[in-house]
Amino acid sequence: MNDELKPVVQNEMRFHPLREALYEEMHSRPFQVIPSPARITHLAVFCDEEQSKAQFEHLKILFNKFFVMPPEQDDVCLQYDLGGLRIRREKHLEFTAYTFINFDIPEDSDPFDTTGAAALPVGWLESIPGEVVTAFHLSIEESSEDDEVMIPLVKQYFEGMRLVGSSPQQGDARVWTTLRLHSDGFGRFLIYNKRMSDSQLGRLAQRIIEIETYRLMTLIALPLARECGPHLGSMDRQLANLTHQLSESIEVNEQEVLCKLTDMAAHVEDYRAKTTFRFTATKAYHALVLQRLVELREDEVSGHLTVTEFLTRRLTPAVRTCQAVGERLEDMSKRIDRVSDMMRTRVELSIQAQNQQLLASMDRRSKIQLMMQHTVEGLSVAAISYYSVGLVKILMDAAYDSGLDFNKSMALGIAVPVVIGSVWLATRKIHKHFLALAKEQRDADLADEKVRDKVKK
């Protein structure tokens with residue numbers, strides 16, 4: 001007889017509460033699929049939390065103008081197609097990015113005659129809450145022309161400015177820009193598509209957008225670094241002068257020096273509070289720019305500087321300037337701490353010397369008081385003996401009058417040295433008792449001082 005099969009009971013797996021969110025995070029900002037031709041306008045807007053909420057409400061107004069139901073929740077990335085206009089909004093740590101892609105392009109129009117923002121309602125773009133840092137137009141065109149024919153035409157689109165161009169993705173496209181602002185207040189990028197698919201073109205456009213955005217975010221810290229530089233130079237010279245005075249044992253006003261050091265330390269910490277986040281962000285943005293440049297895989301076009309060559313030459317020194325100022329602030333803070341420790345040590349030694357002088361003065365006073373005490377003790381012995389002898393004489397007179405026969409003069413003469421000796425012995429015994437108490441107090445003080453020295457070591 002076969003044993004009956006027992007059903008296997010399986011427990012349900014327990015999932016982490018953030019599991020789904022972690023999966024979705026990897027797909028929160030997907031690459032776009034962009035056909036050519038297309039016109040793109042991109043903005044990066046600095047904003048705080050309140051302005052970010054106001055931007056979302058402002059975005060709803062745009063949906064209402066296109067008679068489309070606006071989104072209910074403000075996600076990290078929002079992307080919608082409103083007819084021939086695609087809207088993409090991405091939330092970052094300190095800014096919000098807007099990308100507008102216009103697919104309704106008039107025939108035979110120049111690359112920048114129609115922009116990605118052309119389909120937006122009048123005044124909507126200008127009233128976005130926050131401060132615009134990055135604003136540029138990106139035009140995507142189909143082209144099979146040779147570079148020699150293409151370049152003279154491209155210069156016209158960039159108002160005659162010096163071009164920066166490259167051939168990314170093994171020559172499948174051409175990218176042209178000037179990395180400067182034009183007469184309309186926007187930057188310009190032009191991509192000529194030769195053999196790229198819509199997906200590849202979307203990834204290329206996204207890399208160009210991120211390079212330009214992160215480039216400007218990287219440079220935001222440069223004016224702050226230049227502002228701090230002269231102040232740090234002045235404080236550095238002042239600190240070097242104070243250190244020289246201390247090393248040469250020049251007489252200084254300790255209180256005045258400590259006030260100067262405290263003032264410098266306050267200024268340095270103020271600069272560090274203003275720059276630490278900005279310099280850290282600059283380092284992070286610069287790393288992103290370099291990574292996106294590597295992903296472009298650029299080749300040179302007709303002797304023009306590539307985007308990688310231009311940014312590496314111009315952007316890296318700015319980043320190093322910010323890094324140098326940050327390191328200088330850190331070094332300045334440590335140097336001020338060391339000089340302050342030197343001053344505190346000098347003040348402590350001065351206080352100890354004053355204490356020693358005070359103790360020596362107190363010791364001299366104690367010796368004088370001890371001599372005076374010995375003098376007073378001698379007088380006290382004489383005075384007490386005098387009164388004691390008087391009392392003894394009274395007792396002798398009383399005894400003699402009561403009938404006791406003895407020589408009062410002889411007895412009184414014998415009593416005088418005995419009384420004086422007794423008073424002197426009693427006084428010495430009391431004096432030795434107080435000296436013993438003082439010795440015990442000194443021994444206790446010495447023991448406490450040894451314990452404090454061990455703790456300091």
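All values reported here derive from a predicted model rather than from experimental measurement.
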If we only count heavy atoms from C-beta on, is the S36 to Y192 side-chain gap below 4.5 Å? no
Option from R203, R297, Q200, E298 for which side chain to side chain contact (heavy atoms under 4.5 Å, CB included) with Q169 holds: R297
If you look at every heavy atom in G116 and N102, which pair is closest and at what distance? CA-CB, 3.8 Å
Testing the basics here: between R89 and S52, what is the closest heavy-atom pair and its distance to 0.1 Å? NH2-O, 3.4 Å
For the CD atom on Q170, are there more than 12 heavy atoms of other groups (residues, nucleotides or ligands in this structure) within a distance under 6.0 Å? no
Which donor-acceptor pairs under 3.5 Å do side chains of residues 130-139 form with protein atoms, sequence neighbours excluded?
| unit_1 | atom_1 | unit_2 | atom_2 | d |
| --- | --- | --- | --- | --- |
| H137 | ND1 | T41 | OG1 | 2.9 |
| S139 | OG | R39 | NH1 | 3.1 |
| S139 | OG | P111 | O | 3.2 |

I want to check something: taking the side chain as every heavy atom from C-beta on, are I151 and H304 in contact at a cut-off of under 4.5 Å? yes
Nearest-0.5 Å distance that lies between atom CG in L242 and atom CG in L239: 6.5 Å
Strictly by side-chain hydrogen bond (donor to acceptor under 3.5 Å, both in side chains), give each pair with a member in residues 256-270 just once, sequence neighbours left out. E269-R272, E269-S333, D270-K274
Is there a donor-acceptor contact under 3.5 Å linking the side chains of Q206 and E210? yes
Go through the steps to decide whether Y80 and F63 satisfy the test ring-ring contact (aromatic ring centres under 6.0 Å, His included), and finish with yes or no. CA-CA 10 Å; Y80 291 88; F63 279 81; 5.0 Å; yes
Can you tell if the side chain of I209 reaches within under 4.5 Å of the side chain of I40, non-hydrogen atoms only? yes
Output every pair passing salt bridge (charged side-chain N to carboxylate O under 4.0 Å, His left out) with a member in residues 163-183, not counting sequence neighbours, ordered by first then second residue. D147-R174, D172-R195
Between atom CZ of R226 and atom OG1 of T321, what is the distance when rounded to the nearest 0.5 Å? 7.0 Å
Determine whether Y98 and Q55 make a side-chain contact, defined as any pair of heavy atoms from C-beta on separated by less than 4.5 Å. yes
Between D236 and R335, does a salt bridge (Lys or Arg N to Asp or Glu O under 4.0 Å) hold up when you go through it step by step? CA-CA 9 Å; D236 186 51; R335 289 173 58 196; 2.4 Å; yes
Minimum heavy-atom separation for E141 and P37, please, with both atom names. OE1-CB, 4.1 Å
Within a strict 4.5 Å, meaning less than it, do heavy atoms of the M264 and Q238 side chains meet? yes
Check: T177 side chain, R188 main-chain N or O, donor-acceptor pair, under 3.5 Å: yes
Grab the two heavy atoms, one from E94 and one from A281, that are nearest each other, plus how far apart they are. OE2-CB, 4.1 Å
In Å and rounded to the nearest 0.5 Å, what is the CD to CD1 distance from E107 to I105? 11.0 Å
Greater than 12 external heavy atoms within 6.0 Å of K194's NZ: yes
Evaluate the ring planes of W124 and H58, with Trp represented by its six-membered ring, and classify them as parallel (under 30°), tilted (30 to 60°) or perpendicular (over 60°). parallel
To the nearest 0.5 angstrom, please state how far the CG atom of D341 sits from the CD1 atom of I336. 12.0 Å
Correct closest heavy-atom pair for L78 and L59 would be CD1-CD2, 4.0 Å
Give, for atom OG1 of T275 and atom CG of L329, the distance between the pair rounded to the nearest 0.5 Å. 5.0 Å
With distance as the sole test, does T282 use its side chain to make a donor-acceptor pair with the main-chain N or O of T218 at under 3.5 Å? yes
When rounded to the nearest 0.5 Å, the distance separating CZ of R86 from OG1 of T99 is 10.5 Å
Quick one: does E57's side chain get under 4.5 Å of P70's, heavy atoms only? no
Atom NZ of K155: over 12 foreign heavy atoms under 6.0 Å: no
Within a radius of less than 6.0 Å around CZ of F15, do more than 12 heavy atoms belonging to other residues, nucleotides or ligands occur? yes
Counting C-beta onward and ignoring hydrogens, is there a side-chain heavy-atom pair between L293 and R207 closer than 4.5 Å? no
Would you find a donor on one side and an acceptor on the other, under 3.5 Å apart, between the side chain of D110 and the backbone of D113? no
Of all heavy-atom pairs between L219 and A318, which one has the smallest distance, and what is that distance? CD2-CB, 3.6 Å
Taking T316 for the side chain and R313 for the main chain, is one N or O donor matched with an acceptor at less than 3.5 Å? no
With a 4.5 Å cut-off on side-chain heavy atoms, are Y285 and V289 touching? no
